[in-house]
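The shown structure was predicted, so the numbers you read here are calculated from the model rather than taken from an experiment. Residue numbers start from 1 in every chain, and the chains themselves are labelled A, B, ... in the order their sequence lines are given, proteins ahead of strands.
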Protein chains: 2
Amino acid sequence: MFKKILLVEDIDTISHGIAVKMKQEVGVVDIIIAQYCDNAYLKFIKAEKDQEPFDLLITDLSFKKDYRESTISSGEQLIKKLRDQNYNIPIIVYSIEERPSVIKKLMNWYGVSAYVFKGRNSVKSMINALKATKKKERFISAELSATLRKKEIFTLEEFDTILLLQLSKGNTQEEISVILKEKSISPSSLSSIEKRLNRLKEELKAKTTIQLVANAKDLGLI
Amino acid sequence: MFKKILLVEDIDTISHGIAVKMKQEVGVVDIIIAQYCDNAYLKFIKAEKDQEPFDLLITDLSFKKDYRESTISSGEQLIKKLRDQNYNIPIIVYSIEERPSVIKKLMNWYGVSAYVFKGRNSVKSMINALKATKKKERFISAELSATLRKKEIFTLEEFDTILLLQLSKGNTQEEISVILKEKSISPSSLSSIEKRLNRLKEELKAKTTIQLVANAKDLGLI
DNA sequence: TTTGTGGTTACGGGAAACCGTAAAAATGAA
DNA sequence: TTCATTTTTACGGTTTCCCGTAACCACAAA
C-alpha cells in the first residue's frame with residue numbers, strides 16, 4: 001500500500017479522522033497533513049527535491065480563507081499546478097462537491113484517479129479509492145456515480161449568469177437592458193432579456209422570476 | 001468531564017476525528033455517533049427512558065439527504081424539538097455555518113451553550129467549548145466572535161419568514177394573500193403584504209423584491 | 001437569387017407589483 | 001366607556017413585468 005501520503009484538508013477534525021482510519025484500516029505509514037494549498041505545494045516540491053517523494057496526494061477542493069494570503073486557493077488550482085509541471089502523482093479528491101461538471105473536469109482533464117464524496121460512508125469509499133488507485137484503476141463514490149450518469153448537466157451561459165446576478169443585485173429588467181447596452185453586450189433588448197428569463201424559468205422550473213433567482217442561488221449557479 | 005456524549009454528524013471522517021480527539025485530549029468516556037437527526041432523536045429519547053441520559057449533545061447543523069426519508073432534517077430542527085419538550089441538555093453546535101443571524105438565533109432562542117466553527121483549529125475550539133460548557137459558561141470560536149460583534153444582527157418575525165419563503169417558492173403576492181387567509185393568519189391583505197415587504201426592503205437595503213429574497217437567502221434568513 | 005432558420009428587436013395589451021392615501025378595525029390607556 | 005394610537009384593509013393610479021405577435025437581420029443551403 002502507499003507509504004507516504006500528502007493529505008490536503010483545512011478542517012482539522014477531518015484530516016485527523018482520515019489519518020487515524022487510514023493507519024488503522026490500510027496500514028499507511030506516513031501521512032503528512034497540509035491545511036493550506038500553498039503549504040501543500042511547498043511540501044510536495046521539497047519532498048521531490050529531497051528524493052523522498054510522496055506516492056499519493058489526497059486533497060479537498062475548497063478551502064476557507066483566513067488572514068493568510070494564498071496564491072493557490074483551491075484544490076483544483078493545486079492539481080492544475082502540479083499537472084502543468086508534469087508531476088504524475090496519483091490524486092484522490094475528497095470533497096463535498098457533487099456537481100457533475102466539476103467532477104468530470106477533474107477526472108477527465110487532470111487525470112484524477114479517484115473521487116471520494118464527503119458523506120456517511122466516506123471512510124469505506126476512501127479505502128476503496130486507495131485500493132483502486134494502487135491497481136491503477138479509477139474510483140468514484142457510489143453516491144455520485146449514479147448522478148454522474150443520469151443527470152445531464154445544466155450549466156448557465158455567461159449571459160444567463162449576468163442576468164441572474166443583476167436581478168439579484170436589485171436591477172430591473174429595463175435597467176439591465178441599459179447596462180448591457182453600455183457594456184455593448186449583445187443581446188441587450190428588453191425582449192431578449194424577457195425571452196431568456198422565460199427559458200431559464202422553464203429549465204429551472206420556476207413560476208416567477210423571484211423563484212428563478214432563489215432556485216439559482218440554491219443550485220449554486222450564482 | 002462529560003461522561004456520555006451524543007454526537008450528531010453525518011460525515012464519518014469528522015465524527016471519527018472528533019471522537020478520537022475527545023477521548024485522547026479530554027478523557028471523554030462514551031461518545032455515541034448518530035449520522036441522521038431522526039436517529040439521534042431516537043437515541044436521545046431511549047437514553048432518557050432507560051435512565052441513562054446523555055449529558056452533552058454535539059451536533060452539526062446541515063445534513064445530506066439520501067434515500068432515507070427523514071422527519072428531522074437539520075440540526076436546528078433537532079434542537080428545537082428537544083427544547084420544545086423541555087430537555088435542557090447542554091448543546092454544542094459544530095458547523096461550517098458562519099452567518100451571524102443563524103448563530104445568534106441558536107444561542108439566544110435555543111440556549112445553545114457553545115458554537116464551534118468547523119475550521120483549521122476546531123479541535124482546540126471544541127476542547128475549550130467542552131470546558132466552558134462544563135463550567136456553565138458560553139463559548140464561541142474565535143474566528144466567529146469578531147464577526148458576531150461587528151455586524152448587528154437582524155432577525156425576522158414569523159410573518160416575514162412566511163412571506164419570503166412563499167415568494168421564493170414562486171407564489172405571487174396575491175396568491176400569498178389567499179394562502180394567509182386560508183390559514184387564517186393575520187394580517188393577510190395585499191396591502192399589508194406590500195407594506196411589510198417595503199419595510200423589509202428598507203431593512204435589508206434591497207431595491208427590488210428579487211434582491212430582497214436573494215439577500216435573505218445570503219443571510220440565511222430563509 | 002430565393003428560401004429558410006435562428007437570433008434579436010419592437011410593440012401592445014393584460015397582469016402583477018408598486019406607491020400613496022384614506023377608511024376601518026383593533027389595541028391600550030385614562 | 002372614550003379617546004388616541006397602531007394595525008389592517010381598501011382603493012386608485014402608475015410602473016414594471018409578462019407574453020404573444022411581428023418585423024428585422026445575418027447567415028447558410030438550395
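Within the 4.0 angstrom heavy-atom criterion, only backbone atoms of the sugar-phosphate kind lie near B:Lys201; the bases stay farther away.
Put simply, the side chain of B:Ser191 and the base of D:dA10 share a donor and an acceptor less than 3.5 Å apart. A donor and an acceptor atom never sit less than 3.5 Å apart when one is taken from the side chain of B:Thr172 and the other from the base of C:dA16. Checked by distance alone, A:Glu194 brings a side-chain donor or acceptor within 3.5 Å of a matching partner on the base of D:dC19.
Stacking of A:Lys80 on the aromatic ring of A:Tyr110 is not recorded, the 6.0 Å distance cut-off and the 45° axial limit not both being met.
Classification of B:Glu76 and B:Lys105 as a salt-bridged pair holds, one side-chain N sitting under 4.0 Å from a carboxylate O. Salt bridge B:Lys124/A:Asp12: absent, no basic N to carboxylate O contact under 4.0 Å.
Here the P atom of nucleotide D:dT16 and the CD atom of A:Glu175 are 8 Å apart, to the nearest Å. We find that CD of A:Glu174 is positioned 14 Å from C1' of D:dC18, with the value rounded to whole Å. Counting to the nearest Å, the P atom of C:dA15 and the CD atom of B:Gln173 are 17 Å from each other. Regarding A:Lys207, its NZ atom lies at a distance of 14 Å from the C1' atom of C:dA16, rounded to whole Å. Put simply, CG on B:Leu200 is 16 Å from C1' on C:dA17, counting in whole angstrom units. In this structure, the CG atom of A:Leu180 is 18 Å from the P atom of C:dG7, given to the nearest Å. Spacing between atom CD1 of B:Ile210 and atom C1' of D:dC18 amounts to 12 Å, rounded to whole angstrom units. Counting to the nearest Å, the P atom of D:dC18 and the CD atom of A:Gln211 are 13 Å from each other.
Using a 3.5 Å distance cut-off with no hydrogens or angles, the side chains of A:Lys181 and A:Ser177 do pair a donor with an acceptor.
Scanning all heavy atoms of the two residues, the minimum distance from B:Ile72 to B:Tyr41 falls at CD1-CB, 3.8 Å.
The side chain of B:Asn198 places no N or O atom within less than 4.0 Å of a non-bridging phosphate oxygen (OP1 or OP2) of C:dC18. Of the side-chain N and O atoms in A:Ser188, none sit less than 4.0 angstrom from OP1 or OP2 of C:dT8.
Map B:Ile185 and B:Thr208 each onto its nearest nucleotide of DNA chain D; the residue landing nearer the 5' end is B:Ile185. Residue-to-nucleotide proximity on DNA chain D shows that, of A:Thr209 and B:Lys195, the 5′-proximal contact is made by B:Lys195.
The side chain of A:Ser189 approaches C:dT9 more closely than any other nucleotide in the set D:dA10, D:dC19, C:dT9.
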